[in-house]
Amino acid sequence: MPRYDAKPIEARWQQYWETHQTFRTEGPVPGKEKLYVLDMFPYPSGSGLHVGHPEGYTATDIVCRYARMKGKNVLHPMGWDAFGLPAEEHAVKTGTHPRITTEQNIDTFRRQLKMLGFSYDWSRELSTTDPAYYRWTQWIFLQIFETWYDATHEWTGPDGVHRRGKGRPIAELPIPPDVAAQGTEAIRRYQDRHRLAYVSEAPVNWCPALGTVLANEEIIDGRSERGSHPVVRLPLKQWMLRITAYADRLAEELEDLKWPESIKYMQRNWIGRSSGAEVDFSVQVDSSVEKQLKDWQGKRASLGFPAEPEPGVIRIYTTRPDTLFGVTYMVLAPEHPLVSSITTDSQRSQVEDYIRRSSLKSDLDRTDLAKEKSGVFTGGYAINPVNGQSVPIWIADYVLISYGTGAIMAVPGHDERDYAFAKAFDIPIVQVVAPVPGDKSSIAADLENSAYTELGIAVNSGAYDGMKTDEFKAKITRDLTESGLGREAVNYRLRDWLFSRQRYWGEPFPIWHELDDQGNPTGLMRTDAIDSLPVLHPHMEDFKPTGTPEPMLAKATPEWLFRTDSDGVKLKRETNSMPQWAGSCWYYLRFCDNLNSECFIDPEKEKYWLPVDLYIGGAEHAVLHLLYSRFWHKVLFDRGYLSHSEPFQKLVNQGMILGENGEKMSKSRGNVINPDDIVREYGADSLRLYEMFMGPLEQVKPWQSTGVEGVYRFLGRVWRLMIDERAETMTLLESVVDAEPTTEQLRVLHKTIKAVTDDIDRLAFNTAISRMMEFTNFMSGQELRSRSVLEQFIRLLSPFAPHISEELWHVLGHEETLAWEPWPQYDPALLIEDTVEVPVQINGKVRSRIVVSATCDAAELQAAAQADDVVQKNLEGKSIVKVVSVPGRMVNFVVR
RNA sequence: GGCCGAGUGGCGGAAUAGGCAGACGCACGGGACUUAAAAUCCCGGGUUCCGUUAAGGAGCGUACGGGUUCAAGUCCCGUCUCGGCUACCA
């Protein structure tokens, strides 16, 4: 078989790696530098691998094989993110248990990945659906449950960084005396309100088609991210994780990570920190506005700003307290608790009607109405605390109950949304900010046509007139704080993470609810004992959704659902399950120590392997997986289980591979490329090489079938560089000799070593392959090929095309794998050429080229250029104004 | 609407520090080998014009219009197009 035939070669070497355990990684090796390179592990879908998977996987595999040859201790694992809806939907259709489907799919994925020759340490393989794995997912949940966030705690972590704010054990939560006085039950409820995992009853996104509630992050344009089904809002008791407690740290600690700026930017936006002030407005009770305001102000001056506003007071949040004098109305979210008490009898029916309509609206409807503002006047008025003006109170669904305080002061002169609303309902517009006089860059205020949202100086603002926006903000915030009417405040766009789902195929919660004598939940909870984990799924035959927000697990047998604790208290199991994100939040930790049954990760292994040095995956996980993981990581860090505060040092997003027609690959477009077909026809090495040769890793690029043939031909040329195709058996060509290489051969080799090494370091695999093609083209033209030169080249090729490289290495006379051979070093002295060709320009245009010694200086170069015939002809009759001579680069004569 | 990224031959792309634009590959054309084909090997190529169809030469070329510079795909200003993200967060 002397012709290059990928199939038997690839099968043979995959077998060799497996039987020799070539890529098995040993734990911490003191003194040996580690490299942890991670792929975003796949969801093993029924349709198998698509060509997008091997893109990132090949890139990491090249980095790993290269790093091993450079002597690093490399951790390169693979596993399965295998909980999730498709397996359960399949169970609904066919009755097959999701575990069976999942295992079949994993087998397919594993077979396909092994077929591509990736150097994973398969002994570290894990699946999120394995009870030995999700035992620890449940354990981590309990750690989060047993943690509260102390925002004022100052401390220095094991990383030596001083921080303010820490997740601490719930037992350390200070209990206020009045709560303590009410006894243990009150204390337990108080603690429950402060845990990082808590139950809340709030409007949530219920997706009837998927039979589950969804997190905000899983909703796009009012529809489910998966399947694009409609979503409605329902008030339901749900588990929430207090990610907002970590909002500041999640935003700030992005800074030093080597991530794409766009991803950092998206995370910061998602967190959406804004700072401003909370201000209280008293609702007007009768016509004696002045007296009411004075009394209330007097009370506030002595008592200060209360934690919760007293009845009849509306608390608002604003980023522009400097526009307080421009308030002409206020808006409450339709769900705001004060709405019904403020509404006058004459407005009540209209208000109630509006509330009903907006509660039925899905988020999609609300978005559609973005262009046209809707709202209803409540009939009530509030008193502006800074100028005593009476302002009407409206309700409108452009104010969200879930952000800030659910109420705003409306300043139509200086806020676009308020402006649109005021125009629609004929509400007065007052200007309180003017452009800075004499500042040419500032835009003129034109309140006839639009709101003026720029910064400027204050007008119509009483004693504050003439102040710059920034000073004004600081000053009035101070003044409001002193008079007990307001305070500085920070808000986040980020909401707490809705953590429960109603599906079967997810991790059960290790939580029990206490029941009273009638069998009703008391609201108090107990946890499963750590040593009793994991909580396994109940056996079920019927996977049809309940059709209601009642979770699937509620259909389990009573044996699973109920028990009586040792103190006689009856308990019912939590029947929600965890979202798919749970398992993927910490899998990178488990890879370091996947068989440990004592703890989720051995601290020594964590210290050695973490953080992940290189993490490659799709950009679609910019704000979901990557934010959730960082959050869990920080909680575990605060609780002392981890020694690094960030999980992923360097992140790279591979670009999507499009179909041959330049469109996104999809079954419906009929442009899907199946990796199995490519491997069958050309082999895994060609697929790997082509995916890397297509273009820069991070770029979106279309598939070209003929391109695969191109790299396949290249491998054929490499093969023929040393193998005699006409021989019956594997025989080296006679031109492969043990002789000394020529200086030119040496120079080309060492240039190639340098280029390929540098290119791998910056993940520029496409140009690395180009350089190896150039080497091959050159060597093909050489009659005698030095064995040592070829051997060094094969090492360069091996991370990209490992199978053919092993085979050629073997034919060159080596018994062992080349996976551990040292990476070639280049000799800078050999890179230097004796002569160089240098272009000569006249007035910036290339007129000639001269060949000079590589070491000649600027003056010698100029002299050589001037001696050139063509140059002389061009210089004839002209006067030289200037000469630019850059040694080794070019000469330019500026003439007139 | 806002923010980010990108526009280079017929196609994918290269040019790391402002210094020969188009490396490498695909597709295409020509040739060699062959009875023939496949495979392989060699050669060619941005574009317009001048030159007898040749050798050779001149001009124009990195989305478009300006600018800086001896020199711009690369830096600056403006415009257009495409892609991604985001969209009532007060």
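Because the structure is a prediction, the values reported are computed rather than measured. In the text below, chain A, chain B and the rest are named by the order of the sequence lines, each starting its count at 1.
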N/O (side chain, A:R493) to phosphate O (OP1/OP2, B:U86) under 4.0 Å: no

Protein-nucleotide distance (A:Q654, atom CD; B:G84, atom P), rounded to Å: 17 Å

Ring-face cation of A:R3 near A:W719 (centre distance under 6.0 Å, axis angle within 45°): no

Sugar-phosphate only, base, or nothing, as touched by A:M890 at under 4.0 Å among non-hydrogen atoms: base

Phosphate OP1/OP2 of B:C41: any A:R717 side-chain N/O under 4.0 Å: yes

Touch class at under 4.0 angstrom, heavy-atom based, for A:K664 against every strand present: nothing

Residue-phosphate contact under 4.0 Å: A:Y265 side-chain N/O, B:C4 OP1/OP2: no

Sugar-phosphate, base or nothing in reach of A:V894, heavy atoms under 4.0 Å: sugar-phosphate

Contact nearer the 5' end of RNA chain B, comparing A:V884 with A:G404: A:V884

Assigned glycosidic conformation for B:G9 [threshold 90° from 0]: syn

Atom-pair distance (CZ on A:R771; P on B:U16), nearest Å: 12 Å

Under 4.0 angstrom between A:Q704 side-chain N/O and B:G25 OP1 or OP2: no

Check: A:F800 main-chain N/O paired with A:R688 side-chain donor or acceptor under 3.5 Å: yes

Phosphate OP1/OP2 of B:G12 contacted by A:K701 side-chain N/O (<4.0 Å): no

Distance test, side-chain N/O of A:R847 to OP1/OP2 of B:G57, below 4.0 Å: no

A:Y4 ring center near A:Y712 ring center (under 6.0 Å): yes

Integer-rounded Å distance: B:U86 C1' and A:K264 NZ: 20 Å

A:N843 CG to B:G19 P, straight-line distance once rounded to whole Å: 20 Å

Nearest-Å distance for atom pair OH/C1', residues A:Y712 and B:C26: 17 Å

A:E783 CD - B:C42 P separation (whole Å): 13 Å

Polar side chain donor-acceptor pair, A:S402 to A:R495, under 3.5 angstrom: yes

Contact check, side chains of A:E620 and A:N653, non-hydrogen atoms, under 4.5 Å: no

Ring-face cation of A:K373 near A:F421 (centre distance under 6.0 Å, axis angle within 45°): no

Touch class at under 4.0 angstrom, heavy-atom based, for A:E837 against every strand present: base

Separation of atom CG in A:L494 from atom C1' in B:U86, rounded to whole Å: 16 Å

Sugar-phosphate, base or nothing in reach of A:N777, heavy atoms under 4.0 Å: sugar-phosphate

Pair A:Y329 + A:F425: ring centers closer than 6.0 Å: no

Phosphate OP1/OP2 of B:G19 contacted by A:R849 side-chain N/O (<4.0 Å): no

Dot-bracket pairing map - RNA chain B, Watson-Crick plus G-U, both contacts under 3.5 Å, | cross-strand: (((((((..(((......[....))).(((((.......))))).(((((.....)))))..(((((..]....))))))))))))....

Partner set under ring-ring contact (aromatic ring centres under 6.0 Å, His included) for A:W703, not counting sequence neighbours: A:Y690

Length of the line joining A:L624:CG and B:C85:C1', which is rounded to integer Å: 13 Å

Rounded distance in Å between the C1' positions of B:A63 and B:U8: 10 Å

B:G7 to B:G12 separation - C1' atoms, rounded to the nearest Å: 15 Å

C1' gap between B:U74 and B:G25, integer Å: 24 Å

Sugar-phosphate only, base, or nothing, as touched by A:N766 at under 4.0 Å among non-hydrogen atoms: sugar-phosphate

Pairwise P distance, B:A27 and B:G67 [rounded to whole Å]: 44 Å

side-chain N/O A:S274 vs B:A90 OP1/OP2, d < 4.0 Å: yes

Phosphate-side-chain proximity, A:N269 and B:C85, N/O vs OP1/OP2 below 4.0 Å: no

Validation row: A:Y354, A:V339 side chains within 4.5 angstrom (heavy atoms): no

